[in-house]
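Comments concern the structure below.
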Amino acid sequence: MTRSTFTYEPDPEFPGWHTWKLDNGARFNSLGLGRMIVRREGERFSRVRLVHTEERHSNVHGNVHGGVTMALIDVAMFAAMFTVLGTDAAGAVTLDLHNQFIGAARIGRPLDIVTEVVKETRRLVFLRGTAEQEDHLVASFMGTLRKPSSPVEHAR
């Protein structure tokens, strides 16, 4: 039986947004990042928001740690594949992720990842986007996901 490992449902606290989380709350996405919401924006874009950036997300300068930003970007690529293409993200893998930090993200404010699906092939999804906090650009990125090769991969 094939079953997605993600929960995607309307978020009652944020109209127009959907909850984006792993069903297993003991995994990194939930423990390391926290509450995330997602919405589709236009034909090729989605936006993932880390709702609460906290001290646990900080670096020694008191800003959001770059590793947190990159992890959120990785999660956002899977959310874009699902929300824009309708492709189940379970069983997909990140092939590459190129990131350029541009500015610091502040603790205590939501952090958004805006992702564009650039191209989809039979096996791959090419994406690019930005990390943003309010009107401040934090990072830009491009990456590639490999789609699941069979329903069996979903169940693993």
Side-chain angles (χ1 to χ4, degrees), residues 3-59 62-118 120 125-148 154:
R3 183 177 169 277
S4 176
T5 58
F6 296 92
T7 296
Y8 177 79
E9 59 193 17
D11 190 295
E13 189 178 340
F14 298 96
W17 292 82
H18 287 77
T19 298
W20 182 258
K21 66 179 181 178
L22 289 173
D23 291 341
N24 183 342
R27 299 203 185 270
F28 174 78
N29 290 19
S30 300
L31 295 176
L33 293 173
R35 184 171 180 208
M36 292 172 280
I37 54 177
V38 63
R39 70 179 180 205
R40 184 173 176 164
E41 296 186 343
E43 282 293 310
R44 300 183 330 202
F45 291 87
S46 73
R47 179 181 299 263
V48 169
R49 176 168 291 164
L50 177 59
V51 177
H52 304 289
T53 55
E54 307 168 13
E55 186 175 356
R56 69 185 171 117
H57 297 121
S58 68
N59 60 21
N63 296 315
V64 174
H65 192 285
V68 170
T69 302
M70 288 192 71
L72 186 60
I73 288 169
D74 188 60
V75 168
M77 292 195 318
F78 287 82
M81 184 173 75
F82 179 80
T83 59
V84 173
L85 300 175
T87 303
D88 192 355
V93 295
T94 304
L95 294 181
D96 63 51
L97 174 55
H98 304 275
N99 183 69
Q100 181 180 31
F101 291 107
I102 298 167
R106 306 285 181 224
I107 295 297
R109 299 178 190 161
L111 180 59
D112 288 2
I113 308 298
V114 179
T115 306
E116 177 186 10
V117 175
V118 177
E120 176 187 23
V125 180
F126 298 89
L127 308 112
R128 66 180 169 205
T130 56
E132 304 172 356
Q133 195 173 57
E134 298 161 350
D135 61 351
H136 180 69
L137 189 59
V138 174
S140 65
F141 68 91
M142 42 188 223
T144 310
L145 298 178
R146 191 190 101 209
K147 295 186 230 177
H154 292 239

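In this chain, residues are counted from 1 in sequence order.
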(message) Filter on salt bridge (charged side-chain N to carboxylate O under 4.0 Å, His left out), then keep only pairs touching residues 66-87, sequence neighbours left out; what's left?
(response) none

To the nearest 0.5 Å, tell me how far [X] [atom1] sits from [Y] [atom2].
| X | Y | atom1 | atom2 | result |
| --- | --- | --- | --- | --- |
| K21 | L33 | NZ | CG | 14.5 Å |
| L127 | M81 | CG | CE | 8.5 Å |
| T83 | R47 | OG1 | CZ | 12.0 Å |
| S46 | R39 | OG | CZ | 10.5 Å |

For [X], salt bridge (charged side-chain N to carboxylate O under 4.0 Å, His left out) partners two or more places apart:
| X | answer |
| --- | --- |
| E134 | R109 |
| E54 | R56 |
| E116 | R44, R128 |

Looking at every heavy atom in both [X] and [Y], which two are closest together, and how far apart are they?
| X | Y | result |
| --- | --- | --- |
| F14 | V51 | CZ-CG1, 3.9 Å |
| A90 | P148 | O-CG, 3.3 Å |
| I113 | A131 | CD1-CB, 3.5 Å |

(request) Can you establish whether the number of heavy atoms outside E43 located under 6.0 Å from its atom CD is more than 12? (result) no

(message) Can you confirm whether more than 12 heavy atoms, excluding those of M70, are under 6.0 Å from its CE atom?
(response) yes

(request) List the steps and the verdict of side chain to side chain contact (heavy atoms under 4.5 Å, CB included) for V125 and T87. (result) CA-CA 10 Å; V125 180; T87 303; 5.8 Å; no

(message) Please determine whether side chain to side chain contact (heavy atoms under 4.5 Å, CB included) holds for the pair V64 and N59, giving the CA-CA distance in whole Å, both sets of side-chain angles, and the decisive distance to 0.1 Å.
(response) CA-CA 6 Å; V64 174; N59 60 21; over 6 Å; no

(request) Determine, step by step, whether T69 and L111 satisfy the side chain to side chain contact (heavy atoms under 4.5 Å, CB included) criterion, reporting the C-alpha distance in whole Å, the side-chain angles of both residues, the deciding distance to 0.1 Å, and the verdict. (result) CA-CA 8 Å; T69 302; L111 180 59; 4.0 Å; yes

For [X] and [Y], indicate whether the former's side chain and the latter's backbone hold a donor-acceptor pair under 3.5 Å.
| X | Y | result |
| --- | --- | --- |
| D112 | E132 | no |
| Q133 | V138 | no |
| T94 | L145 | no |
| H57 | H65 | no |

Test item: [X] and [Y] side chains (from C-beta on) under 4.5 Å apart, heavy atoms:
| X | Y | answer |
| --- | --- | --- |
| F82 | V38 | no |
| I102 | S140 | yes |
| L72 | V48 | yes |
| E120 | V84 | no |

(request) Identify whether the distance between the nearest side-chain nitrogen and carboxylate oxygen of D11 and R35 falls below 4.0 Å. (result) yes

(request) Could I get the full list of ring-ring contact (aromatic ring centres under 6.0 Å, His included) partners for H18, not counting sequence neighbours? (result) Y8

(message) Going by ring-ring contact (aromatic ring centres under 6.0 Å, His included), name the residues that satisfy it together with F45, two or more places apart in sequence or in a different chain.
(response) none

